Amino acid sequence: MSGDHYHNEDQINCGSRVNDSHKHKDKYKEKEHKHKDHKKDKEREKFKHGNSDHKDPSDKKHRDKEKMKHKDGSTDKFKDKHKEKRKEEKMKSFDGRIKKENGFASPPHVKSEPEDDFYHSPRHDKPLKRERDDDNDSEFKPKKIKTENDKKAKKRKQEDEDFKSKKTKNKKGEVTDGKKKAKKEPEEKWKWWEEERYTDGVKWKFLEHKGPVFAPPYEPLPSHVKFYYDGKHMKLSPDAEEVATFFAKMLDHEYTTKDIFRKNFFKDWRKEMTSEEKAKITDLKKCDFTEMSVFFKGQSEARKALTREEKQKIKEENERTLQEYGFCIMDNHKERIANFRIEPPGLFRGRGDHPKMGMLKRRIRPGDIIINCSKDSKYPEPPPGTKWKEVRHDNKVTWLVSWTENIQGSIKYIMLNPSSRIKGEKDWQKYETARRLKKCVDRIRAQYRDDWKSKEMRIRQRAVALYFIDKLALRAGNEKEEGETADTVGCCSLRVEHIKLYPEKDGQEFVVEFDFLGKDSIRYYNTVPVEKRVFKNLQLFMENKEPDDDLFDRLNTSILNKHLQELMDGLTAKVFRTYNASITLQQQVKELTNAEDNIPAKILSYNRANRAVAILCNHQRAPPKTFEKSMQNLQTKIDAKRNQLSDAKRELKSAKADAKMRKDEKSKKAVETKKKAVQRIEEQLMKLEVQATDREENKQIALGTSKLNYLDPRISVAWCKKWGIPVEKIYNKTQREKFAWAIDMADEDYEF
DNA sequence: GTACAGACTTAGGAACATTACT
DNA sequence: AGTAATGTTCCTAAGTCTGTAC
């Protein structure tokens, strides 16, 4: 695995964050303004398709109709449908929501397994119980919750050869470290990673929790806060008023200036109005929400201005809620829940150009909620006078609570915190899969290179797509329902308009320029030299296609993943992202760390390695609003420190001269003191300079996402141990909790 | 094979808390 | 002490991928 496998250097410089004005829908308009801020425009203009016989776009309609022929003689099929859809739905996008309104969705059938076969297992000869403990099932009911480490750290039978050797070593070791007692966590940390895992899809044996915390009920506005329509005061009915406040709260946000947002909001708002209101309020432009907006701003000011005691009180109240609802009991252990609060009602804020932005996200009530818990647990109580939609006992899933959301009709869940066993195990397993890929990636690469020559179009497309996924860490790119979401793509869903081919560019041959919106409408821009065969294939794939045709018309994620599954057990497209991210970190950290550097400099190296990964994965952020200013401040500080240093040096010099003359103890001591001062200041200066570099380089790059989701934490832990860097410098408290397994098990020679 | 539901991971930004600075 | 900068947590949208039914 060589570092030059990637070619992302210019991605960051060129990649500018795409704002919401970016419209893929209006593809013709699009063409003109899409790249307006882009320096590469000229080259683009010059470039015409490599094939001189490329059809004139004017015969497009005709062409659209006929089935496209491929070299392998096959015709285009399933993908056409989506394209047609995309075009059509541009027209009609807004009415989609009714069909999936939650209230009408028939409840997904509850599997209430018969008593005798509750823990239904595909293989009845094999007990599902975890093997770590010998006794009966009742062990999983919390007669008393285990708070100390399990005595027996049995071996996992899984693939993790690496840990088998270490796993048992310090099962007691950590018991001695009682520093967390100082905090409010009297319990010893449970080392789930030293225990057996479930097999056969059972996720837990016992689960008990208190259910969700609902959003606070709507509090009507005080009567002095008025709403005006067409300049006249109007008292709104409570329902209409509530929805109005959602809009009022966002008045300062750019969202409220957008047509789609306003249109969607107004449509949904009207549904909440009484018939009189509906008759009167017909134009959003005539609505004046400013008093409401002012009122809410005042409220948040007031909240900030609370006295220390009052703030303390609120904090305590929150803490109580957390203690009561923020934890569950899963198989003998108290585990933290991630999101125990139900999402409050409000206006939907999609990312990018979302066709549904501004729609009303309705209030979730107990009747919408499905509870999942053990049969033999104490069920959560619905609020007085209400009922849950359903209580089920499905131990093949990890969620505690679910409901159906009304914007997309998708299901939302309450699940456990990343520090929990159930999340941690999965995370660990993810990295193990990536490490297995490491062992066979050469073979897979050889194979896809071979497939570039295949007689079959579908194989070639698969192979080129896989090459992109591997080389550029692109996401798989599932098809999306058109008109339901922002128009974003991943690898398999790339369209012809998203790439440009340059037989020669900036002295390099066979350059591909990518420019598309990925997940969260984050722009991916990259120019990459590719192998000649890839280039030729791309030309072939693009032949006789329109800009909005699929580049890989014979491929989708399901085909790709099926293929990957055959190459390696558990292999899917996203494993490549994990693998390439982690292997890059490992290489970079090795390459960049200087043994003789001090700790801050080493951490800079680490951050740079992390940054290389973030760039690879295209993890961007909006440059902080205060970026320039804070950079300036830092520079000022650096200058001041420089002055301070030269002063200190001067003083040292004169002290030395002084000591030379007097030769007494006192002046010698003074020299020592001055020396120390100089040293200290030098260090401080260095630290500041490092900080400045780090920050500058980090302007538009988000490190957090890769750190949290792509980098095998054991690589980082090993690096810390190797160089004597406290792990706190790399991971904050939350991160340390999430990666407790890695911190515990990895030693300095861990290799990904 | 395709459409859809479901479950779960990944993602950036907002809100909030803490620390550093004046 | 008050304010600004920075770090952390919360929030929830937007992906991936699997399973199932036709």
Side-chain angles (χ1 to χ4, degrees), chain A residues 17 77-79 81-82 100 105-106 108-109 201 203 250 253 300 303-304 311 314-315 318 338-344 346 348-352 354 356-357 361 370 372 394 396-399 402 404-405 407-418 422-423 426-427 430 475-481 484-486 488-493 517-522 556-562 564-565 570-575 577-578 581 614 617-622 624-627 629-631 633-634 636-637 691 695 700 702 704-706 708-710 731-735 737:
Chain A
R17 170 157 283 250
K77 7 94 277 183
F78 57 89
K79 284 231 169 172
K81 194 184 297 174
H82 294 288
K100 286 186 175 175
S106 58
H109 185 65
K203 304 291 170 53
M250 293 179 72
H253 205 287
S300 79
R303 230 175 306 126
K304 272 184 231 157
K311 280 183 182 165
I314 292 172
K315 216 172 153 187
N318 284 337
N339 54 326
F340 55 90
R341 286 173 209 277
I342 299 280
E343 298 172 15
F348 177 75
R349 305 150 91 115
R351 314 223 174 116
H354 197 117
K356 298 191 172 184
M357 62 167 78
K361 224 173 87 160
I370 301 173
N372 193 33
D394 182 355
K396 300 277 205 296
V397 297
T398 67
W399 53 267
S402 76
T404 303
E405 153 268 353
I407 302 289
Q408 320 273 1
S410 65
I411 308 168
K412 300 259 186 164
Y413 303 94
I414 291 182
M415 292 184 186
L416 297 193
N417 201 59
I422 213 156
K423 294 289 183 189
K426 199 80 187 296
D427 204 38
K430 171 181 77 186
R475 294 188 185 84
N478 285 312
E479 290 120 293
K480 304 169 67 180
E481 225 182 311
E484 300 287 299
T485 60
T488 63
V489 298
C491 187
C492 294
S493 50
L517 298 185
K519 182 177 179 180
D520 291 324
S521 294
I522 296 291
N556 63 30
T557 52
S558 149
I559 296 173
L560 179 65
N561 280 334
K562 250 173 221 143
L564 292 175
Q565 188 58 240
L571 187 60
T572 62
K574 86 187 183 78
V575 178
R577 249 166 105 79
T578 311
C617 295
N618 200 40
H619 291 142
Q620 298 189 30
R621 62 168 182 172
K625 286 180 251 353
T626 56
F627 185 83
K629 207 164 114 217
S630 90
M631 218 53 214
N633 291 159
L634 236 192
T636 316
K637 267 202 232 168
Q691 203 187 346
R695 190 179 303 175
Q700 308 183 44
T705 304
S706 49
L708 231 48
N709 300 301
Y710 289 103
Y731 291 135
N732 67 29
K733 182 165 145 279
T734 318
Q735 297 168 154
E737 278 166 12

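Just so it is clear: chains get the letters A, B, ... in the order the sequence lines come, proteins before strands, and each one is counted from 1. These numbers were taken from a predicted model, which means no experiment stands behind them.
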A.B. asks: Look at all strands and tell whether A/N478 reaches a base, only sugar-phosphate, or nothing, counting heavy atoms closer than 4.0 Å.
C.D. replies: base

A.B. asks: Kindly point out which of C/dT18, B/dG6, C/dC17 is positioned nearest to the side chain of A/A476?
C.D. replies: C/dC17

A.B. asks: Just checking A/A573: base, sugar-phosphate only, or nothing, at a heavy-atom cut-off of under 4.0 Å?
C.D. replies: sugar-phosphate

A.B. asks: Can you figure out which of B/dA11, C/dA13, B/dC8 approaches the side chain of A/K426 most closely?
C.D. replies: B/dC8

A.B. asks: Under 4.0 Å, heavy atoms only, any strand: does A/K562 hit a base, just the sugar-phosphate, or nothing?
C.D. replies: nothing

A.B. asks: Among the nucleotides C/dA14, B/dA7, C/dA13, which one has an atom lying closest to any side-chain atom of A/I411?
C.D. replies: B/dA7

A.B. asks: Which sits closer to the 5' end of DNA chain B, A/K574 or A/K315, going by the nucleotide each is nearest to?
C.D. replies: A/K574

A.B. asks: Does A/H354 place a side-chain N or O at less than 4.0 Å from the phosphate oxygens OP1/OP2 of C/dA13?
C.D. replies: no

A.B. asks: Assuming nearest nucleotide by heavy-atom distance, tell me which of A/V575 and A/E343 is located more 5' along DNA chain C.
C.D. replies: A/E343

A.B. asks: Mind checking if A/K304 touches a base, just sugar-phosphate, or nothing, with heavy atoms under 4.0 Å?
C.D. replies: nothing

A.B. asks: OP1, OP2 of C/dA13 versus side-chain N and O of A/K361: anything below 4.0 Å?
C.D. replies: yes

A.B. asks: Taking the side chain of A/Y710 as its heavy atoms from C-beta onward, which of B/dC16, C/dT12, B/dA11 lies nearest to it?
C.D. replies: B/dA11

A.B. asks: Which nucleotide wins on minimum distance to the side chain of A/T705, given the candidates B/dC8, C/dC17, B/dG12?
C.D. replies: B/dG12

A.B. asks: Nearest to the side chain of A/W399, which nucleotide is it out of B/dC8, C/dA14, B/dT10?
C.D. replies: B/dC8

A.B. asks: Between C/dG15 and A/R577, is there an OP1 or OP2 to side-chain N/O distance shorter than 4.0 Å?
C.D. replies: no

A.B. asks: Between C/dC11 atom C1' and A/F348 atom CZ, what is the distance in whole Å?
C.D. replies: 13 Å

A.B. asks: It should be established whether A/K311 places a side-chain nitrogen or oxygen under 4.0 Å from OP1 or OP2 of nucleotide B/dC16.
C.D. replies: no

A.B. asks: Please determine if a side-chain N or O atom of A/N732 lies less than 4.0 Å away from the OP1 or OP2 oxygen of C/dG7.
C.D. replies: no

A.B. asks: For the CG atom of A/L560 and the SG atom of A/C491, what is their distance to the nearest 0.5 Å?
C.D. replies: 7.5 Å

A.B. asks: Strictly below 4.0 Å: does A/K480 bring a side-chain N or O up to OP1 or OP2 of C/dA14?
C.D. replies: no

A.B. asks: Could you work out which one of B/dG6, B/dG12, C/dC17 sits closest to the side chain of A/Y413?
C.D. replies: B/dG6

A.B. asks: Considering every strand and a 4.0 Å limit on heavy-atom distances, what is the contact class for A/T557: base, sugar-phosphate, or nothing?
C.D. replies: nothing

A.B. asks: Reckon A/G490 touches a base, only the sugar-phosphate, or nothing at all at heavy-atom distances under 4.0 Å?
C.D. replies: nothing

A.B. asks: Heavy atoms under 4.0 Å, any strand shown: does A/S402 hit a base, just sugar-phosphate, or nothing?
C.D. replies: nothing

A.B. asks: What nucleotide among B/dC8, C/dC17, C/dT12 has an atom nearest to a side-chain atom of A/T572?
C.D. replies: C/dC17

A.B. asks: For the residue pair A/H354 and A/F348, categorise the inter-ring angle as parallel (less than 30°), tilted (30 to 60°) or perpendicular (more than 60°).
C.D. replies: perpendicular

A.B. asks: Let's go through A/T488 and A/K519 carefully: what are the C-alpha distance in whole Å and the side-chain angles of both, what is the deciding distance for side chain to side chain contact (heavy atoms under 4.5 Å, CB included) to 0.1 Å, and is it a yes or a no?
C.D. replies: CA-CA 6 Å; A/T488 63; A/K519 182 177 179 180; over 6 Å; no

A.B. asks: Are OP1 or OP2 of B/dC8 and a side-chain N or O of A/T398 less than 4.0 angstrom apart?
C.D. replies: yes

A.B. asks: Nearest to the side chain of A/R475, heavy atoms from C-beta on, is which of C/dT12, B/dG13, C/dG15?
C.D. replies: C/dG15

A.B. asks: By nearest atom, which of the nucleotides C/dT12, B/dC8, B/dA11 is closest to the A/K423 side chain?
C.D. replies: B/dC8

A.B. asks: Taking OP1 and OP2 of B/dT10, is either one under 4.0 Å from a side-chain nitrogen or oxygen of A/K430?
C.D. replies: yes

A.B. asks: Base, sugar-phosphate, or nothing for A/K519, non-hydrogen atoms under 4.0 angstrom?
C.D. replies: base

A.B. asks: Have a look at A/P344 and say if it touches a base, only the backbone sugar-phosphate, or nothing, with a 4.0 Å heavy-atom cut-off.
C.D. replies: sugar-phosphate

